[in-house]
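Basis for what follows: all heavy atoms, side chains included, without hydrogens, waters or symmetry-related copies. Everything numeric in this text was worked out from a predicted model, so none of it was measured.
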Amino acid sequence: MRPVLRLRTTTALSLLPALLLGPLTAPALAAPQRAAAPRAEAQAPPLPARLADTGGARQLLIATAPDTRSTHGTLTWWERRADGEWRERGRAAARFGAGGLVEGTRREQGTNTTPTGLFGLPFAFGNEAAPKGTRLAYRPVTPDSWWCEDNASRAYNRWSEPRAADCRAEESERLADYPVQYAHAFVTDFNYRHPVRGRGAGIFLHVNGKGATAGCVSVPAATMRTLLRWARPGAKLVVGTEDGGTAVTRY
């Protein structure tokens with residue numbers, strides 16, 4: 001006879017707990033986590049608030065070049081509101097000296113470099129009449145108006161009308177000879193209050209010519225008219241680079 005097969009009850013029963021308990025002991029699925037909301041980036045303070053000194057001005061013109069070799073850059077102008085906040089009022093393309101920019105205290109005359117630093121604007125002048133609304137002192141150019149750049153003259157780095165006897169014409173500028181660039185201009189007080197011979201003279205903010213300047217800052221004619229109507233006594237000009245030793249924020 002063939003033997004009868006008997007199932008061992010322990011085998012079937014031993015599988016029962018695994019079948020019953022398996023699904024109950026499976027790990028619970030973790031709830032999906034929400035991505036963290038991106039943090040808002042802190043807004044950088046406005047450029048005037050990052051300057052080392054504003055000279056107490058409530059109006060600032062800031063001429064910035066990418067680096068000291070640049071002859072192109074940007075002029076922005078700012079006004080400080082009653083609550084102390086600075087607000088940008090406008091911007092325009094700017095030109096600098098053909099020799100680039102240099103720290104104002106190290107500038108040498110005849111290098112065609114634009115000096116960097118914080119400068120006052122003593123007065124404005126022009127071959128054309130002052131735009132209506134101009135509030136800075138404005139001096140009209142005449143055929144006898146000169147800017148003396150002769151280091152040997154007592155009139156060095158001064159308006160001279162008529163030209164001083166000790167101021168050589170070949171070392172100076174007859175302002176009427178530049179009807180485009182000096183249609184309107186601001187005098188800066190670079191080397192002006194206490195002139196250092198050989199450092200440079202006649203550094204202005206004026207209207208663009210055909211190219212880079214001889215050391216001044218220049219902007220389009222329409223911008224100059226806007227600035228003359230906007231600027232009040234006490235406005236200042238800051239000139240510098242975006243970073244480095246001559247960065248505008250150093251002044």
Side-chain angles (χ1 to χ4, degrees), residues 39-109 111-122 124 136 185-194 196 199-200 202-206 208 212-220 223-224 226-228 230-251:
R39 291 183 180 179
E41 292 186 6
Q43 188 172 3
L47 183 55
R50 288 180 273 139
L51 301 181
D53 185 17
T54 63
R58 299 194 68 85
Q59 289 184 315
L60 284 173
L61 297 88
I62 305 179
T64 309
D67 55 56
T68 55
R69 300 181 302 277
S70 301
T71 60
H72 292 81
T74 303
L75 179 76
T76 56
W77 51 102
W78 303 77
E79 195 161 69
R80 194 170 191 178
R81 304 184 307 187
D83 62 5
E85 293 295 321
W86 287 96
R87 176 175 293 177
E88 184 178 330
R89 293 301 189 183
R91 62 176 50 218
R95 298 300 307 269
F96 299 100
L101 293 85
V102 68
E103 169 63 47
T105 58
R106 296 199 300 269
R107 186 180 188 271
E108 296 181 6
Q109 187 163 326
T111 56
N112 291 335
T113 51
T114 296
T116 62
L118 171 67
F119 308 117
L121 302 172
L136 282 184
F186 289 103
V187 173
T188 79
D189 65 5
F190 168 73
N191 201 33
Y192 184 78
R193 304 295 179 187
H194 305 286
V196 175
R199 182 161 290 169
I203 300 299
F204 309 132
L205 170 60
H206 62 69
N208 284 337
T213 73
C216 298
V217 179
S218 71
V219 293
T223 298
M224 275 302 306
T226 296
L227 293 174
L228 282 167
W230 171 78
R232 298 190 297 273
K236 294 188 182 297
L237 170 68
V238 186
V239 182
T241 53
E242 293 178 359
D243 50 32
T246 53
V248 290
T249 51
R250 288 189 59 244
Y251 302 107

Fill in: Thr71 side, atom OG1; Leu101 side, atom CG - distance, nearest 0.5 Å
9.5 Å
Item to complete: Find out whether Leu51 and Thr54 are in side-chain contact, i.e. whether some heavy atom of one side chain is under 4.5 Å from a heavy atom of the other.
Response: yes
Fill in: Arg50 side chain to Pro45 backbone, donor-acceptor under 3.5 Å
yes
Worksheet item: Under 4.5 Å between any side-chain heavy atoms of Arg107 and Asn191, yes or no?
Response: no
Item to complete: Show your working on side-chain contact (heavy atoms from CB on, under 4.5 Å) between Trp77 and Ile62 and close with a plain yes or no.
Response: CA-CA 6 Å; Trp77 51 102; Ile62 305 179; over 6 Å; no
Fill in: Under 3.5 Å donor-acceptor, Arg250 side chain and Gly245 backbone
yes
Worksheet item: Where do Trp86 and Ala49 come nearest, in terms of heavy atoms and distance?
Response: CD1-N, 4.1 Å
Fill in: Side-chain ion pair, Arg89 and Glu79, N-O less than 4.0 Å
yes
Response to the item:
For Pro220 and Asn208, the nearest pair of non-hydrogen atoms, with its separation, is N-ND2, 3.4 Å
Worksheet, complete the sentence: Distance col, row Phe190:CZ vs Cys216:SG, nearest 0.5 angstrom, shows 10.5 Å
Fill in: Nearest-0.5 Å distance that lies between atom NZ in Lys236 and atom CZ in Phe119
11.0 Å
Discussion item. Is it the case that the side chain of Arg232 and the backbone of Leu136 share a donor-acceptor pair, with hydrogens and angles ignored and the cut-off at 3.5 Å?
Written reply: no
Item to complete: Mind checking the CG-CG spacing from Leu61 to Leu75? Nearest 0.5 Å is all I need.
Response: 5.5 Å
Worksheet item: Between atom CZ of Phe96 and atom OG1 of Thr64, what is the distance when rounded to the nearest 0.5 Å?
Response: 7.0 Å
Worksheet item: Taking all atoms of both residues into account, what is the closest heavy-atom pair of Val187 and Pro122, and its distance?
Response: O-CD, 3.0 Å
Worksheet item: Where the side chain of Asp53 meets the backbone of Tyr251, is there a donor-acceptor pair that is under 3.5 Å apart?
Response: no
Fill in: Side-chain donor or acceptor of Arg199 paired with backbone N/O of Thr105 under 3.5 Å
yes
Worksheet item: Where the side chain of Thr114 meets the backbone of Gly215, is there a donor-acceptor pair that is under 3.5 Å apart?
Response: yes
Worksheet item: Is there a donor-acceptor pair under 3.5 Å between the side chain of Asp189 and the backbone N or O of Gly120?
Response: yes
Worksheet item: When rounded to the nearest 0.5 angstrom, what is the spacing between CG in Leu60 and CG in Leu237?
Response: 9.0 Å
Worksheet item: If you measure only the distance, is there a donor-acceptor pair under 3.5 Å linking the side chains of Thr241 and Asp67?
Response: no
Fill in: Minimal non-hydrogen separation, Val238 against Val248, with atom names
CG1-O, 4.0 Å
Practice prompt. Mark yes when over 12 heavy atoms from residues, nucleotides or ligands other than Glu88 sit less than 6.0 Å from its CD; otherwise mark no.
Written response: yes
Item to complete: Using atom types as modelled and distance alone, determine if a side-chain donor or acceptor of Gln59 lies under 3.5 Å from a backbone N or O of Trp230.
Response: yes
Worksheet item: Looking at Val217 and Ala63, what are the two nearest heavy atoms and their distance?
Response: CG1-CB, 4.2 Å
